[in-house]
Amino acid sequence: MNAAPHRYGTTSRHSRGNWLLPLAILLLLASTTLATWRWQSGLQQEADELAAAQESAAIAAEVRDRLNLHGQFLHALKAFAESSPTQALAGWRRFASAMHINDSLPGMYAFAYAAAVHLQSPDPFENLAKFPVDRRTFRIFPKPATGLAMPLLFVAPETPALKAVVGFDLLSEPARRDAVNRTMLTGNIAMTAPIELQPDKGTKRLGFQMIQAFFNDGTPTGNDYNRKENLAGVVVTAYRFDEFMSSFKLPLSSRFVLQIFDEPLSGEASEPPAPMQIYNSDPSFVTSGAPLLHHEIDFGGRNWLLHFHPRGKTASGLDAPSLVLYGGLLGSLLIALLVHHLATHRERAERYALELTRELTQHRDHLQELVDERTASLHGALQQARAAIQAKSEFLANMSHELRTPMHAILSFVELGNRRAANASDPKIGQYFQRIDQSGQRLLNLIDELLDLSKLDAGQMALRPTTFDALALTQQVGAQLESLLVKRKLALEINSQANSTQLSADKERITQVICNLLSNAIKFSPDGGTIRVEFAKTELPAGRRSGDSGSREALTMSFIDQGIGIPENETESIFDKFVQSSATKTGAGGTGLGLAICRALVTQHRGTIVAKNNTGDGASFVVTLPLNCWIEQTGQND
């Protein structure tokens with residue numbers, strides 16, 4: 001009574017003990033995985049921070065370099081203006097046509113020249129005599145509020161929208177006026193605060209301008225009044241912020257959203273205005289908190305603040321730390337399960353051995369009963385199979401005989417109808433009888449094949465051996481099929497490498513084999529092709545029994561076509577009954593009995609027939625028959 005509880009308690013203790021080692025291994029490996037993950041995450045974070053710093057620095061450097069490049073162009077424009085005191089419009093246009101700003105200065109919208117006009121002088125336009133501005137239509141707008149105006153006289157490129165701004169006074173707006181005053185005082189390039197360009201007025205499309213002043217007698221060193229009096233004009237480059245930024249081939253990846261703000265340099269005002277956003281690479285992105293990285297670009301008296309906000313992880317897939325974490329935890333679990341499996345393997349083996357022993361004991365005790373039952377079942381199945389085969393053979397034989405009789409009667413009446421249709425007035429009646437005759441002949445051939453198949457299965461087809469020339473027989477069959485050859489434009493070549501092609505066999509059955517193989521070759525050969533039949537001497541084993549030895553002389557007939565060939569895995573199955581090659585199931589016809597009958601007839605003559613593919617196109621059927629298929633001692637074929 002105490003045995004069962006003791007066994008149960010032992011099993012429970014073993015089960016708990018089997019889990020201790022896997023659990024300890026799982027905890028150890030998981031701890032190692034977490035430590036590796038933390039270390040790998042730190043490395044990944046450092047690499048991301050370094051890549052982000054390098055990328056943001058490269059972007060800021062490219063923007064700074066672009067501004068410097070355009071500043072150099074503005075210096076060149078100033079030098080040209082100073083070297084052309086006559087201010088002839090033709091010279092400015094030649095200069096503008098030589099400047100391909102879309103190629104060499106991407107992002108620039110336009111550049112212009114504005115002259116300093118002192119309205120209080122007797123002839124304020126004295127210096128503009130050679131600049132062909134129509135005095136009847138030229139006007140300065142808006143109307144100047146002071147004695148000095150800075151109207152645009154030349155704008156390039158000369159588009160209709162830009163021609164409309166000729167005469168616009170740069171001193172009429174505070175942002176432009178502030179930039180003009182700064183360049184006049186310092187002699188350096190001045191950049192405006194964010195403004196709307198005159199053609200974009202009212203669109204809220206922000207832009208900016210770079211302005212460079214030049215003087216009549218070079219750069220004066222006197223006071224502000226002298227600078228103002230000697231001011232000859234300014235040269236200007238204009239930009240739209242969106243076009244300027246889109247012209248960059250920035251290495252901005254999906255990890256950042258770039259925002260650019262504009263502010264004046266510190267110290268220029270007691271209370272400088274708040275920075276104004278002039279560019280956002282992703283307006284739909286909602287920023288929160290301070291930017292991850294920050295760069296500043298000082299140029300032309302303005303300060304651009306470049307804020308780089310992290311977009312977050314958008315890359316698909318797992319990074320290295322995640323792979324370490326998930327892969328390590330999964331591997332730890334699998335190793336723990338493997339250790340548990342190995343630890344409990346002996347226990348499972350013992351249970352399996354006990355179960356197997358019990359089943360073997362049961363089978364041993366009931367072995368004789370099982371053998372008797374199985375023997376009776378196999379005997380019954382064998383009897384049923386024999387009965388089914390016999391019934392099938394009898395059915396095919398009877399049905400073939402029963403079908404041939406009415407078919408002969410039908411064909412006889414068709415022949416009679418053909419003769420009478422020849423004298424009929426309607427030619428279609430003769431065509432109808434011809435179609436009935438063709439269909440009847442095909443059906444009769446099918447019935448003959450079924451009858452031959454049933455006789456072969458039942459072993460009732462007796463051979464009538466005679467001696468004949470196989471080569472001449474093949475030529476005779478080829479002549480009978482000449483109409484099919486001519487219709488398909490096929491050539492039939494018959495060659496013999498044997499000294500003699502005499503056979504002792506059933507001539508009618510060998511004729512049936514040759515006819516079937518030639519018909520198949522004609523059916524599947526391409527139009528205009530060639531069918532070859534080759535004869536050669538060979539040898540066959542003397543018999544099929546284990547005690548037979550030696551060989552017998554034989555004749556090989558090879559039927560070679562140029563058709564589509566046979567799939568390699570079907571070279572044997574095509575000789576089965578009612579089976580056709582998958583490569584020839586294209587509507588070419590056939591019942592799948594021809595090759596099966598050929599193999600049965602050749603086997604009955606103690607020969608062989610095989611199919612193989614040619615080196616090029618087409619297939620070959622090789623029939624090998626002994627020269628004497630008849631056994632004199634028994635008087636029949638074995």
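Quick note: numbers below take in every heavy atom, side chains included, and nothing from hydrogens, waters or symmetry partners.
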(request) May I ask you to say whether R488 pairs ionically with D527, meaning some side-chain N is under 4.0 Å from a carboxylate O? (result) yes

(request) Using a strict 4.0 Å threshold on nitrogen-to-oxygen distance, state whether K487 and E482 make a salt bridge. (result) no

(request) Using distance alone, with no hydrogens and no angle criterion, decide if T501 and D469 have a side-chain donor and acceptor under 3.5 Å apart. (result) yes

(message) So which atom in F468 and which in T466 form the shortest heavy-atom distance, rounded to 0.1 Å?
(response) CD2-O, 3.5 Å

(message) If I compare all heavy atoms of A320 with all of Q44, which pair ends up nearest, and what's the gap?
(response) CB-OE1, 4.4 Å

(request) Mind checking the CG-CZ spacing from L463 to R509? Nearest 0.5 Å is all I need. (result) 8.0 Å

Which residues pass the salt bridge (charged side-chain N to carboxylate O under 4.0 Å, His left out) test with [X], sequence neighbours left out?
X: R374; result: none
X: D617; result: none
X: E359; result: none

Quick one: does any side-chain atom of [X] pair with a main-chain N or O of [Y] as donor and acceptor, under 3.5 Å?
X: N613; Y: A619; value: no
X: Q562; Y: T530; value: yes
X: D506; Y: P465; value: no

(request) Using the test side chain to side chain donor-acceptor pair (under 3.5 Å), find all partners of R38 that sit at least two apart in sequence or belong to another chain. (result) none

Enumerate, atom names and distances included, each donor-acceptor pair closer than 3.5 Å involving a side-chain atom of residues 489-496, sequence neighbours excluded.
{"from": "S496", "atom 1": "OG", "to": "A498", "atom 2": "N", "distance (Å)": "3.3"}
{"from": "S496", "atom 1": "OG", "to": "A498", "atom 2": "O", "distance (Å)": "3.4"}

(request) In sequence, state the C-alpha distance, the side-chain angles, and the governing distance for N614 and S620, and then conclude on side-chain hydrogen bond (donor to acceptor under 3.5 Å, both in side chains). (result) CA-CA 6 Å; N614 301 331; S620 298; 2.4 Å; yes

(message) Other residues, nucleotides and ligands only: do more than 12 of their heavy atoms fall within 6.0 Å of CD on Q475?
(response) yes

(message) Let's go through R311 and D282 carefully: what are the C-alpha distance in whole Å and the side-chain angles of both, what is the deciding distance for salt bridge (Lys or Arg N to Asp or Glu O under 4.0 Å) to 0.1 Å, and is it a yes or a no?
(response) CA-CA 10 Å; R311 188 188 297 272; D282 187 359; 2.8 Å; yes

(message) Once side chain to side chain contact (heavy atoms under 4.5 Å, CB included) is applied, do any residues pair with T624, and if so which ones, sequence neighbours excluded?
(response) T538, L540, A554, T556, T608, V622

